[in-house]
Each structure stands twice: as structure tokens, then as C-alpha cells.
Amino acid sequence: MARDIDSRMNEDPELALRWSSRVSLTTRILALNIFALALLAGGFSYLDSFRSRIVDSRVAQAGREVRLLAQSLASATSERRDLLVLSLARDTGSRIRLYDETGKLISDSRELGLRNVVLRDPDKDPMGQTIARFLDAVIDRVAGAERAPQYREQGPEEGLEWPDVRTALATHGTPATVWRAPDRTPVITAAAPITGLGVVMTTVNARDITTTVRAERYRLGVVLGIVTLVSILLSLFLARTIVRPLRRLARAAVRVRLGRAREVVVPRLPSRRDEIGSLARAISDMTQALRARIDATEAFAADLAHELKNPLASLRSAVEGLGNVKDPDLQAQLIAIIRDDVQRLDRLITDISDASRLDAQLSRATFEPLELDAVIQALVDQRTQRGMPNDVRIMVDRQTGGPVTILGEGVRLERVFDNLIENAISFSPAGGLITISIGTEAGMAIVRVEDEGPGVPEEARESIFRRFHSVRPREEAFGQHSGLGLAIARTIVEGHQGSIHVESREDRLGGARFVVRLPIAGAGRAEGNFA
């Protein structure tokens, strides 16, 4: 199953992108921001803690008040007790009840006509109150808040059913209890013993606590809603600015991988000045380089087929004619042609092999410091020892005060300058002078190889560096060169971050001048100018 999916994605880049979008950056960005907002939503838990602290302070306040009420009522006569209860209830906002030691109701501020404690709020907005109570229940459950017991009234003879009354009679303390009204507002009861009388109990509905908490929760909810909306919009905008260009680049990369590079235009995103823009331009440049490499490979293959066809055709004709010719002299000529064609093929295949491996070898090569003037002088000495044809002379002109050091691969660079020297020798007239000058300029080592030959026509100065293109002296036998020498030289020089070109000499002697530029090791240390 997995193998079938992989093969289908390899055939269809759109399927690959849709499959990858299952774990899209958009989802991850949204999830990360929503998680941060979830932490902000923890403020609702803080509101529960805030409510608990207020309720605790009210419970402590109720205990103090009931003790003061007990002291006040203990000194009052029975005739004035009801008036005092009514007055204290009106001042404190609490419902005050007196119970004797058997739990029988003695006095009640509500029975005296003061209805100051309402356990159910007036339903001016029933739907709003229902929603508020529902949100209270949900947040209490999520926050894990302890649920207070439901407040229920007791009968006049059932005073001992109140836990505060029982505790006050039993321990002579001032207990207090938090209850839950039908509208989920807290109801606080507290009791205190009265010597010789019984117990006084107060009841207060702390609706202001719920109102305050609900108001703060509403404000927090509004802020959280706005922040959530802004965060989602920003996340989508961020995902759009990141994911869409990446998806376009991924689609182009998949099409390139599937061998459709010529059909693909990789977006460069010139308006993007961030890392994604840099990535887009890098991928575009890489694709163009790959396309150029593919074109070069195709052109090289076509040129190679053409170059191999000529000696093979000559070789086939000579072999076919050898069987039909009886004359020993003609047979000897055909055998010589066969030998020359075989040598030409061998030379051509050797040069092709070197040229095809050159790029890869240069990319893996380790460059070392080289004294360029010493390398060139050694090549000139070796060539002079082998003998110079037609009394051609070579002169090395060092125009620097000391050695010129570059970073490079010695064997490859020796091949470049050896090729240039051999070219200069082959084009030089009898008794001609080849001048090799070495200097520096603007952090570059510059080597000029000049001869006194016919020079290179201006229209051919670029084509001579193409593969299999060869311009040789007329007196030289055909097939002695593969036409890859200068192409290989340019590849080596450019692999060393340098350049090579040909120009004509300015003096009256004429001839060609090949100019090679290579970076100096630690550019700036060896500065100089040509004389």
C-alpha cells in the first residue's frame, strides 16, 4: 500500500503536495497560536481563584458581624429585641434570625417585614441569566471549582437543621457556611451563641460577587475573542506568506525531479527580501545551472557522436578496402590509415574521458598553495630539455618582486599552461619567440602567453574554447588534436575561480596572446601592475 502511494506521488506532483499538506505548516502555525491562546484562557481559572478569595473574605466578615450582633442582642430586653433585630438587619443588609436552644425560631427580620435578602434575581433578561448560569457551570467544571451545597429554607421549628446553628450551640463558636442560591450566587450564613437565649444566625446573598466575576469574565472573554480572531487572521496571513511560496517551489522541484525541467519556470520571488526569497532565487539559479548542465551534456553527446563518426567511417573504409587490395604498397597505405585512425580514436577517447570527469574531480579537489611562477618555470625547463622545433625560443618574464602564490591543484594547472605553451610552439614561426609574463593586478595573478604566429581571428576567439573545435596550422597533419585542449583548459581555470581568454598583441609583431587570471591566495597581499 505504501509503495503504491509512493509511486503515485512520484508520477503526480500535485498528489505529492496534497499528501504533504496533511501536515501543512498552516495547521502547525494555527495550532501553535491557538495553544498560546489556550494559555491565555487560563485567566478564567484565575477568576475562580479571585472569586474564592472574595468569598473567603466575606465569610470572615460574616463571622465578625454575627459576633457583634450576638453581643448587641444579648444586652437587649425582650420588648426591644424585635426592633433591634429589624434595625440591625436593615443596617447590615443581612437576614437575621433568633433561635432558642431547641432550634425554635424566636424572631426573624423577614417576618418583621424586611425582605432584604432575595435568593432569586428578578428575571429582567431570562435568556441572559440562563446563559450566564450555564457559563458559570461550565467554567466551574473546567476550573475544578468546588460546588457549594444548594440553599434550602428550613421551617420555624427546624432551626437545628442549620449546621451553623447546631455548631454554635455545641461549640459556642461562630461557624459560617457558603451555600448556592438558585441563580448560582453565593449565600453566606453565620451563627453565634447568645448566652441564656440561644443562637443568632445571619444570612446574606453576596450577589455582587457573582456580578463582579461575571463582568470580569465578560471582559476577558471579549479580549480573548478579539485576540483569537486577530491571531487566526495573522496565522493565516503568515501561513499564506510562507506556505504558498514554499508550495510553489516544492511543485517546481518535484517537476524538475520528474525530468520536466525544461517545462518549469521556478519562481524567483524578487519582491521577497527574506529567507524565502533567498531560497527561491537559490533554487531558480540551481535549476538554471542544472538546465545549462543538461544542455551542455546533450551538446557534448551530439558533438561526441559527430567526432567519433569521422574516424570510424575512415577506419571502416580502410578495413573494407584492405580485403580487396592486392598491391603491397596500397595495403601498406591502408594499414597506415588504420593505425592513424586508431591512434586518433585513442587520443579522442582519452581526452573525452578527461573532459567528462573534470568537473566532478575539480569539485572534490583540495586546493593547496602553489608558487605560480615556479610551476611555469618548471614546465618551460622541461619543454626546453626535450628540444624546441624550428629553433623556437621561450622567455619567462617575472614582473613581480617575489613569488606569486595561488590556491590550486598543481597537476591540473600544469596541464593548462602546458597546453598553452604547446599551442604557442605549434603556431610560432621558425626562430620565433614565446613570451610568458607573470604579474599581479587587483588581487589576481595574471599570466600572459604570447607568440609571434598568425594570431586568432576576432570572430573565432570564443569558439576556440568550445569542445571539438580546433584551428591548427596548415602544415600540421590532420587528426593530431582532438579539439578539447582549450575547452579543458577553460574548465580547469574556471574551476579555480579564474578566467581565460585570447586577444591579439598590440605590437607590430602580431601573434596571439592567451591571458589567464587566477585569484591570489589571500588576495591583497601581492599587489602589482604590468609594466
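Each residue takes its place number in the sequence, starting with 1. Just so it is clear, the model here is predicted, and its values are computed rather than measured.
The environment of CZ in Arg180 is crowded: more than 12 heavy-atom neighbours from other residues, nucleotides or ligands sit within 6.0 Å.
For Arg97 and Thr203, the side-chain atoms include at least one donor-acceptor pair closer than 3.5 Å. Side-chain atoms of Ser109 and Arg95 form no donor-acceptor pair, as typed in the model, at a separation below 3.5 Å.
A pairwise comparison of heavy atoms in Ile520 and Ala445 identifies CG1-N, 3.5 Å as the closest pair. The two residues Ile188 and Ala62 make their nearest non-hydrogen contact at CG2-CB, 3.9 Å. The two residues Ala190 and Val66 have their closest heavy-atom pair at O-CG2, 3.7 Å. Nearest heavy atoms, Leu114 versus Arg90: CD2-N, 3.5 Å. Considering every non-hydrogen atom in both Glu101 and Leu169, the closest pair reads O-CD1, 3.7 Å. The two atoms that bring Trp162 and Arg152 nearest to each other are CH2-O, 3.4 Å, heavy atoms only.
With hydrogens and angles disregarded, a donor-acceptor distance shorter than 3.5 Å links the side chain of Glu158 to the backbone of Gly155. Distance alone, capped at 3.5 Å, is enough to place a donor-acceptor pair between the Thr171 side chain and the Gly173 backbone. A donor-acceptor distance shorter than 3.5 angstrom exists from the side chain of Thr212 to the backbone of Asp208, with no hydrogens or angles considered. Judged purely by atom type and a 3.5 angstrom limit, His172 has no side-chain atom pairing as donor or acceptor with the backbone of Thr167.
Atoms CZ and CZ, from Arg412 and Phe417 in turn, are 15.0 Å apart once rounded to the nearest 0.5 Å. To the nearest 0.5 Å, atom CZ of residue Arg490 and atom CG of residue Leu486 are 9.0 Å apart. Rounding to the nearest 0.5 angstrom, the gap separating the CD1 atom in Ile194 from the CG atom in Asp100 is 11.0 Å. In this structure, the separation between CD on Glu161 and CD on Glu153 is 13.0 Å, given to the nearest 0.5 Å. Between Leu105 atom CG and Leu98 atom CG the span is 8.0 Å, to the nearest 0.5 Å. A distance of 8.5 Å separates CE of Met201 from CD of Gln154, quoted to the nearest 0.5 Å.
With a 4.5 Å cut-off on side-chain heavy atoms, Ile406 and Met444 do not count as touching. With a 4.5 Å cut-off on side-chain heavy atoms, Tyr151 and Val178 do not count as touching. In this structure, the side chains of Ser107 and Leu112 come closer than 4.5 Å at one or more pairs of heavy atoms. The closest side-chain heavy-atom distance from Ile446 to Thr440 is not below 4.5 Å. Residues Val199 and Asp164 form no side-chain contact, since every pair of their non-hydrogen atoms from C-beta on lies 4.5 Å or further apart. Contact annotation: the side chain of Thr210 approaches that of Pro186 to within less than 4.5 Å [non-hydrogen atoms, C-beta and beyond]. Between Glu414 and Val375 the shortest side-chain heavy-atom distance falls below 4.5 Å. Annotation: side chain of Gln150 is not in contact with side chain of Trp179 (no heavy-atom distance under 4.5 Å).
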Q: Report the C-alpha distance between Thr211 and Arg207 in whole Å, list the side-chain angles of each, state the deciding distance to 0.1 Å, and finish with yes or no for side-chain contact (heavy atoms from CB on, under 4.5 Å).
A: CA-CA 6 Å; Thr211 303; Arg207 181 174 287 110; 4.0 Å; yes
Q.
Would Leu68 and Gln71 count as a side-chain contact (heavy atoms from CB on, under 4.5 Å) here? Give the steps.
A. CA-CA 5 Å; Leu68 293 174; Gln71 294 173 6; 4.1 Å; yes
Q.
Using the rule given for side-chain contact (heavy atoms from CB on, under 4.5 Å), can you reason through Thr405 versus Leu372, listing the C-alpha separation, both sets of side-chain angles and the distance that settles it, and then say yes or no?
A. CA-CA 6 Å; Thr405 303; Leu372 186 59; over 6 Å; no
Q | Full working for side chain to side chain donor-acceptor pair (under 3.5 Å) between Thr174 and Arg67 | A | CA-CA 7 Å; Thr174 55; Arg67 283 195 297 270; 3.0 Å; yes
(Q) side-chain contact (heavy atoms from CB on, under 4.5 Å), that's the test. Do Val204 and Val187 meet it? Break it down for me. (A) CA-CA 6 Å; Val204 61; Val187 176; over 6 Å; no
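The residue from Val447, Val404, Leu370, Leu413 that alone fulfils the side-chain contact (heavy atoms from CB on, under 4.5 Å) condition with Leu518 is Leu413.
Of the charged side-chain nitrogens involved, none lies within less than 4.0 Å of a carboxylate oxygen, so that Arg51 and Asp56 do not count as a salt-bridged pair.
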